[in-house]
Each structure stands twice: as C-alpha cells, then as structure tokens.
Amino acid sequence: MMRTRPLKVALLGCGVVGSEVARIMTTHADDLTARIGAPVELAGVAVRRPDRVREGIDPALVTTDATALVKRGDIDVVVEVIGGIEPARSLITTAFEHGASVVSANKALLAQDGAALHAAAGEHGKDLYYEAAVAGAIPLIRPLRESLAGDKINRVMGIVNGTTNFILDKMDSTGAGYQEALDEATALGYAEADPTADVEGFDAAAKAAILAGIAFHTRVRLDDVYREGMTEVTAADFASAKEMGCTIKLLAICERAADGASVTARVHPAMIPLSHPLASVRGAYNAVFVESDAAGQLMFYGPGAGGSPTASAVLGDLVAVCRNRIGGATGPGESAYAALPVSPMGDVVTRYHISLDVADKPGVLAQVATVFAEHGVSIDTVRQQGKDGEASLVVVTHRASDAALTGTVEALRKLDTVRGVASIMRVEGE
C-alpha cells in the first residue's frame with residue numbers, strides 16, 4: 001500500500017551537485033514516489049547566499065540557518081553536499097540527534113571521522129549512506145559492502161580522480177608537459193582554480209581511506225593513507241613508460257597483505273601495462289578494479305565527478321534510505337570487526353622503475369648493480385644510453401619493499417659516478 005504522508009528531505013548545499021539533486025527530485029517525483037512507496041518532499045534548502053536565483057526551487061524553502069533546518073524534527077532525511085569538515089560534521093550529528101537519517105557526498109569528512117559518524121548514526125538508529133563520496137555515479141560502495149559481503153576482498157585499485165586522469169591522459173596522448181595539460185584541464189572546467197587537492201592526491205587519498213575501510217572491515221583514516229602527488233611526472237616518464245609497454249596513472253591502491261594480517265592504503269603515480277583494463281580509462285573518467293577470492297576480478301567504470309553523475313549516486317542513496325525509513329529498518333552500518341593494522345608504506349612490496357643520470361665510463365653499471373644487490377633489491381632489466389661523458393641508466397626491479405628501495409636510492413646518491421636520480425616510479429598491475 002502506498003504511504004500518503006510524504007518523506008521530508010532537507011538539502012544542505014545547493015551548488016553544482018545540490019542543485020542537480022533538487023532538480024531530479026522535482027522532475028522525477030512520480031518515479032521516485034513509485035520506487036520508494038511514498039512521496040518525497042523537499043522541505044528546506046540551506047545555503048550561504050540566499051539571494052542567488054535557483055531555478056526550480058521555491059525561494060520560500062531557502063534558508064541560511066542550516067542548524068535550525070536539521071533540528072526541525074519533521075525531517076526524515078538530510079542530504080549533505082556542502083563538503084568540508086565543519087559545519088558539515090556538526091550538522092550531520094545534529095540531524096541524527098533530531099531523528100533524521102543522512103545521505104552525504106563528503107569524502108573528506110568520512111575519511112577523517114567516519115567511525116564517529118557511524119557511531120552517532122547507530123546510537124540514534126539512523127542511516128548514514130555515502131555512495132557519492134568515492135566515485136561519483138559509479139556504484140561502488142554498495143557492491144563492496146552488500147553484493148560482495150560474503151566474499152573476501154584482497155585488493156582495490158583504481159583511478160578515483162577525474163582531473164588527474166584527464167591531465168595524465170593528455171600528457172600520454174599528445175606528449176604535452178604537466179603544466180600545459182593542467183592549463184587545458186582548467187580551461188575545460190575539469191580542474192579547479194586551485195587544483196592542489198586533486199594533483200597532490202588529497203582527494204584520492206580520502207577516497208582510498210573509505211574504500212579500504214569498507215573492503216577490509218577495518219577502520220582506515222586519512223592519516224593512514226600514503227600520499228604522493230603527480231606534479232613531478234614528466235614527458236620523459238611517459239616516454240619511458242611507453243618503452244615498457246605501459247602508461248602512467250594516479251592510482252589509489254588498497255590491499256591486504258599476502259599473509260592476511262594487515263592492510264595498506266596508498267595513492268601515487270604508477271606505470272601500468274597497456275594490457276591492464278585501467279590503462280584504457282581515458283579523459284576525466286574513473287574506474288576501480290576489485291580483486292576478491294570468489295568473484296575474481298571486477299571493474300567498475302564511469303564518470304566520477306560532475307553535478308549530474310554525483311547527484312545520481314546521491315538519489316540512489318536517498319531512495320534506499322527512504323525505503324528503510326518506511327520499513328522501520330536501517331541499512332548496513334560500519335563494519336570494522338577485522339580491525340587489521342594498517343602497515344606503513346615501507347612495508348609495501350612492488351616493482352620500481354628508476355632513471356639515473358650517471359657518468360659514461362666503464363664500471364658504472366657494475367657499481368650500481370652492486371648497490372642494488374647489497375640492499376636485497378633484484379634487478380629485472382637495465383637500459384643504458386651514453387653520450388659525451390654523460391649517460392642515463394634505467395633500472396626496472398623485481399618486486400621489492402619500499403623501505404629496501406629507499407635505502408638503495410640513498411646509497412646510489414652517494415656514488416661518485418651517479419650524477420642524480422632523475423625519477424622513481426612504481427610499476428603496478430602485473
């Protein structure tokens with residue numbers, strides 16, 4: 001039987017995403033009613049600038065007092081799309097205290113305080129959903145915590161930031177330098193005026209923390225995620241990658257240790273073989289590759305940002321939360337029973353591509369090889385080119401720990417024959 005009393009929704013934020021959420025709620029109202037089993041009513045919209053014209057939104061619903069809106073008591077669901085830590089955190093906890101469930105797209109807050117927010121939701125018997133916080137329109141969180149709930153996930157590796165993928169793809173396909181590709185991304189609206197959060201990996205690191213926590217049933221905070229930006233990636237790095245049959249992507253990698261006793265979470269540029277599915281992800285698209293015991297290898301692909309794609313994920317959560325509300329139930333909360341330790345980056349084992357500037361004279365290769373051997377790092381291939389007393393030496397290792405590689409590089413820098421370390425890049429996806 002269809003419930004006639006509408007479920008009331010408070011919208012916090014009405015920017016690119018929030019305005020799309022409001023538009024879809026209005027234009028798809030009949031479909032949403034049929035899918036939920038009750039009408040959904042936009043009961044209030046909290047904004048910072050109330051005088052701005054917002055097409056399709058009744059001005060009477062607009063308020064600058066977000067706290068009063070979430071305290072009303074008749075609100076069933078609060079949709080938070082303002083971002084940042086405060087006031088979002090306080091507003092979400094206040095919403096729980098006053099009887100509302102919450103749908104959020106706030107990756108930074110969830111990566112930092114997800115455990116506390118889940119605890120607050122559980123204390124008050126409310127839902128906290130956040131599909132839109134990780135990969136825009138791509139259904140990822142729900143498959144990880146529901147569809148794959150009976151499986152053991154070993155690795156989650158993906159491209160979770162469209163801005164950086166656009167830049168790296170442009171560098172790869174046109175030979176452009178980093179700054180030139182960034183300028184184009186900015187002109188097209190893919191990059192913010194201040195792109196630091198994207199290009200330095202902060203955005204991807206927050207998403208990695210959320211994904212690792214869900215995949216491994218372990219609390220992983222933003223501070224647990226190793227982060228390395230992509231601003232130092234050069235056209236020469238892409239040339240080297242192509243010689244290896246690879247391309248370069250900024251990857252978020254969450255993986256369980258081989259013995260299952262710990263996990264790691266990291267974000268950094270890496271070479272991946274052109275044969276790997278992630279290598280073909282172009283432009284501003286996102287993709288996440290999941291490896292599990294029973295299901296094997298799965299890939300989720302699609303637009304990872306933008307008003308409409310992100311709003312699609314928000315509305316999906318809204319439908320689920322409203323259904324739970326009608327049924328008097330709540331969906332999955334935090335699952336952190338495994339409580340696995342998060343290992344430091346030094347324990348991570350992978351392959352490396354190292355480019356050295358060296359003196360072009362006999363014995364250099366032997367010296368370099370000795371240093372690698374002394375630090376327990378096995379060499380896979382070596383390529384040397386020399387001219388006019390100077391040379392470049394490119395070394396690709398077998399799998400080695402980050403700590404061992406770091407010690408190797410420090411020792412190489414002390415050799416008189418090594419003029420400098422031009423670049424170091426990890427090789428993933430093999």
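The chain is numbered in sequence order, starting from 1. For clarity, every value in this text was computed on a predicted model and none was experimentally measured.
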Can you measure from [atom1] ([X]) to [atom2] ([Y]) and round to the nearest 0.5 angstrom?
X      : Y      : atom1 : atom2 : result
Met230 : Glu200 : CE    : CD    : 9.0 Å
Ser147 : Leu140 : OG    : CG    : 10.5 Å
Leu405 : Glu410 : CG    : CD    : 10.5 Å
Cys14  : Arg49  : SG    : CZ    : 11.0 Å
Leu148 : Ile153 : CG    : CD1   : 5.0 Å

Quiz item: Yes or no on side chain to side chain contact (heavy atoms under 4.5 Å, CB included) for Thr231 and Val233, after CA distance, side-chain angles and deciding distance?
Solution: CA-CA 6 Å; Thr231 58; Val233 176; over 6 Å; no
Looking at [X], I want to see if its [atom1] is surrounded by more than 12 non-hydrogen atoms of other residues, nucleotides or ligands under 6.0 Å.
X      : atom1 : answer
Glu146 : CD    : yes
Glu97  : CD    : yes
Tyr178 : OH    : yes

Quiz prompt | All pairs passing salt bridge (Lys or Arg N to Asp or Glu O under 4.0 Å) where residues 206-217 contributes a residue, at least two apart | solution =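 Non-adjacent pairs meeting salt bridge (Lys or Arg N to Asp or Glu O under 4.0 Å): Asp203-Lys207.
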Quiz item: Sequence neighbours excluded, which residues qualify as side-chain hydrogen bond (donor to acceptor under 3.5 Å, both in side chains) partners of Arg219?
Solution: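 Once residues adjacent in sequence are excluded, the partners of Arg219 under the side-chain hydrogen bond (donor to acceptor under 3.5 Å, both in side chains) criterion are Glu334.
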Less than 3.5 Å apart, any donor N or O on the side chain of [X] or [Y] sitting next to an acceptor on the other?
X      : Y      : value
Tyr129 : Glu131 : no
Thr247 : Asp172 : yes
Asn161 : Thr164 : yes
Glu20  : Thr310 : no
Thr264 : Ser343 : no

What are the two closest non-hydrogen atoms of [X] and [Y], and how far apart are they?
X      : Y      : value
Gly162 : Asn286 : N-ND2, 3.3 Å
Val377 : Ala400 : CG1-CB, 4.0 Å
Ala208 : Cys254 : O-SG, 3.4 Å

Has the side chain of [X] got a donor or acceptor atom that lies under 3.5 Å from a matching backbone atom of [Y]?
X      : Y      : value
Asp151 : Ser292 : no
His217 : Gly213 : no
Thr163 : Asp198 : no
Ser312 : Ser308 : no
Ser19  : Val16  : yes
Arg72  : Ala43  : yes
Asn106 : Gly84  : yes
Thr93  : Arg89  : yes

Practice problem: Go through the steps for Asp127 and Arg325 under the test salt bridge (Lys or Arg N to Asp or Glu O under 4.0 Å), then give the verdict. | Solution: CA-CA 9 Å; Asp127 276 324; Arg325 192 87 173 183; over 6 Å; no
Exercise. Kindly determine whether Val9 and Glu41 satisfy side chain to side chain contact (heavy atoms under 4.5 Å, CB included), including the steps that lead there.
Key: CA-CA 6 Å; Val9 178; Glu41 174 187 310; over 6 Å; no
Quiz item: For residues 237-246, which residue pairs qualify under side-chain hydrogen bond (donor to acceptor under 3.5 Å, both in side chains), counting only residues two or more places apart or in two chains?
Solution: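 The answer is Thr234-Asp237, Asp237-Ser423, Glu243-Arg383.
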Exercise. Could you note down all residue pairs passing side-chain hydrogen bond (donor to acceptor under 3.5 Å, both in side chains) where residues 57-68 supplies at least one of them, sequence neighbours left out?
Key: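 Counting only pairs at least two positions apart or across chains, no side-chain hydrogen bond (donor to acceptor under 3.5 Å, both in side chains) contact touches residues 57-68.
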Quiz item: So, do Tyr352 and His398 have ring centers that fall under 6.0 Å from each other?
Solution: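 They do not qualify: ring centres at least 6.0 Å apart.
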Practice problem: Examine Arg227 relative to Phe202 and say whether NZ or CZ is less than 6.0 Å from the centre of the six-membered ring and inside a 45° cone about the ring axis. | Solution: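 Yes, Arg227 sits over the ring of Phe202.
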Practice problem: Among Glu255, Glu428, Arg266, find the residue that satisfies the side chain to side chain donor-acceptor pair (under 3.5 Å) test when tested with Thr350. | Solution: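 Exactly one candidate clears the test, Glu428.
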Practice problem: Applying salt bridge (charged side-chain N to carboxylate O under 4.0 Å, His left out), name anything that partners Asp380, two or more places apart in sequence or on another chain. | Solution: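 Testing Asp380 for salt bridge (charged side-chain N to carboxylate O under 4.0 Å, His left out), a comparison that skips the adjacent residues, returns Arg351.
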Quiz item: Does Arg145 have any salt bridge (charged side-chain N to carboxylate O under 4.0 Å, His left out) partners at least two apart in sequence or in another chain, and if so, which?
Solution: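 Arg145: no salt bridge (charged side-chain N to carboxylate O under 4.0 Å, His left out) contacts found.
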Quiz item: With a 4.5 Å limit on heavy-atom distance, are the side chains of Pro277 and Phe289 in contact?
Solution: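 With C-beta onward as the side chain, the pair touches.
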Quiz item: Is there side-chain contact between Arg155 and Arg256, with heavy atoms separated by less than 4.5 Å?
Solution: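 SC-SC contact between Arg155 and Arg256 ruled out.
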Practice problem: Could you walk me through whether Leu12 and Val79 pass the side chain to side chain contact (heavy atoms under 4.5 Å, CB included) test, one step at a time? | Solution: CA-CA 6 Å; Leu12 307 183; Val79 175; over 6 Å; no
Exercise. Report the C-alpha separation of Arg426 and His353 in whole Å, then their side-chain angles, then the decisive distance to 0.1 Å, and conclude whether the side chain to side chain contact (heavy atoms under 4.5 Å, CB included) test is met.
Key: CA-CA 6 Å; Arg426 297 167 184 88; His353 176 284; over 6 Å; no
Quiz item: Relative to each other, are the rings of Tyr285 and Tyr301 parallel, tilted or perpendicular (30° and 60° limits)?
Solution: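 Correct class here is parallel.
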